[in-house]
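These numbers were taken from a predicted model, which means no experiment stands behind them. What's counted below: heavy atoms across the whole structure, side chains too, no hydrogens, waters or symmetry copies. Lettering of chains follows the sequences in order, A, B, ..., and the numbering in each one begins at 1.
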Number of protein chains: 2
Amino acid sequence: MDDFRWLTPDQLQAWKKLVAVVELLPGVLDSQLQRDAELTHFEYFTLAMLSEAPEHTLRMTALAAITNATLPRLSHVATRLEKRGYIQRSPCPDDRRATNATLTPQGWDKVVATAPGHVTTVVDNVIDPLNARDIADLDRIMTKLLVPLDPENKFGSRDRP
Amino acid sequence: MDDFRWLTPDQLQAWKKLVAVVELLPGVLDSQLQRDAELTHFEYFTLAMLSEAPEHTLRMTALAAITNATLPRLSHVATRLEKRGYIQRSPCPDDRRATNATLTPQGWDKVVATAPGHVTTVVDNVIDPLNARDIADLDRIMTKLLVPLDPENKFGSRDRP
DNA sequence: GCTCTTTAGTTGTAGCGTCAATAGTTAATG
DNA sequence: CATTAACTATTGACGCTACAACTAAAGAGC
């Protein structure tokens, strides 16, 4: 690490800043949501993805995919969200191995009540500091990064909405 | 979340991709380091920052700053790293409240041995997918994001190296 | 039809991070 | 000076995630 530079100075600098953002951003999102809604960002994002799904329902595997989560992680979170009455799980009729997760009316209300504060946090911390060109560049760069991070596009992160 | 768009489609898309990267990148870094060196990325980064410091020594607060960590987090990590013989803590002579963390020779060896594999992972997942313009854009955008994420520049993330 | 493999999901455990509380030290105020 | 406030660091408890092991059902090969 002393006299041999593995990354160029420009690369190293950009990398360190990316690391800083990756370390700091989750904390900012989590603490606002924890304070205002007693939800982690991942819990909120899970509810939000269900709220955008047809019939507010997705199979666990599909939900894990669009939330970029492993199945065990989602399963634990689903247990907690179900206990709190925000979602309900039911066996899938088509495939008896599968489970459907459905947003309950209370879950919908929770998303509706929580969204404004969360979006404000996102706007303040991510959208407002950037102009239109920055947003376009950010999108382009993140798309490129997701190729190796998610090689099979398993999580569908690179799809258009 | 249905008929009222809080973010424009472009903003929403860029935001979702940033979230995906923030969720996926730590796992990729952690699993390589865990597999090859039994180190978390944060542990490695902590050792690396010490390896670049004068006399391989930093005060806990300063170390927490450049690693973007809270003090309790660093304190726990320091306990583990000290037990494994990679760092040593000693009271600071100048300020009896303060503690200095110093990289041990074994800690230095660990960094030297671990760096190549880690850098390869970074290159494969972050540097190679991007061209020079992307790197410059990434640096510019991350710098802007760090303003609200780290308002007082407490962590020094925006400083030149 | 019967194995063998793959897929879907859950559960338990161990490890890491956050938060609140604490102790000890220094600086600021009157 | 004496008192209060602010800073530095650690600790313990609790919650969340990763990993491995496991159950159960669907598909593949013969």
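- At whole-Å resolution of the value, CG in A:Asp95 and P in D:dG27 are 7 Å apart.
- Crowding of B:Glu82 atom CD: a count of heavy atoms from other residues, nucleotides or ligands under 6.0 Å exceeding 12.
- Note on ring orientation: taking the six-membered ring where Trp is involved, the planes of A:Trp108 and A:His56 are parallel (angle under 30°, cut-offs 30° and 60°).
- Mapping B:Thr79 and A:Phe42 onto DNA chain D by nearest heavy atom places B:Thr79 at the nucleotide closer to the 5' end.
- Where A:Glu23 and A:His76 each meet DNA chain C at their nearest nucleotide, the meeting point lying more 5' is that of A:His76.
- A:Lys83 has its NZ atom 11 Å from the P atom of D:dC16, to the nearest Å.
- No side-chain heavy atom of B:Leu33 sits under 4.5 Å from any side-chain heavy atom of B:Thr40.
- For the contact set between residues 28-41 of chain B and DNA chain D, defined by any heavy atom under 4.0 Å, there are no members.
- Salt-bridge annotation for B:Glu23 and A:Arg73: present, with a side-chain N of the basic residue lying under 4.0 Å from a carboxylate O of the acidic one.
- B:Arg96 has its CZ atom 14 Å from the C1' atom of C:dA27, to the nearest Å.
- Here the side chain of A:Pro72 is nearest to one of D:dC19, C:dT18, C:dG17, namely D:dC19.
- Going from atom CG of A:Leu81 over to atom P of D:dG15 covers 15 Å, rounded to whole Å.
- The base of C:dT7 lies close enough to the side chain of A:Arg97 for a donor and an acceptor atom to sit less than 3.5 Å apart.
- Per the geometry, CG belonging to A:Asn100 stands 11 Å off P belonging to C:dT10, to the nearest Å.
- With the nearest nucleotide of DNA chain C identified for both A:Gly27 and A:Arg59, A:Arg59 has the one nearer the 5' end.
- Residues A:Ala20 and B:Leu146 approach most closely at CB-CD2, 3.9 Å, considering heavy atoms.
- Atom CG in B:Asn68 sits about 15 Å away from atom C1' in C:dG17, given to the nearest Å.
- Here A:Thr99 does not reach the OP1 or OP2 of C:dA8: none of its side-chain N or O atoms lies under 4.0 Å away.
- Atoms CZ (B:Arg80) and C1' (D:dT10) sit 14 Å apart, rounded to a whole Å.
- Comparing D:dA18, D:dT10, C:dT10 against the side chain of B:Ser75 picks out D:dT10 as the nearest.
- Checked for salt-bridge contact, A:Lys16 and B:Asp139 miss the test: no charged N lies under 4.0 Å from a carboxylate O.
- Note: CZ (A:Arg73) to P (C:dC16) measures 17 Å, nearest angstrom.
- Closest approach of B:Met142 and A:Val21 over heavy atoms only: SD-CG2, 3.5 Å.
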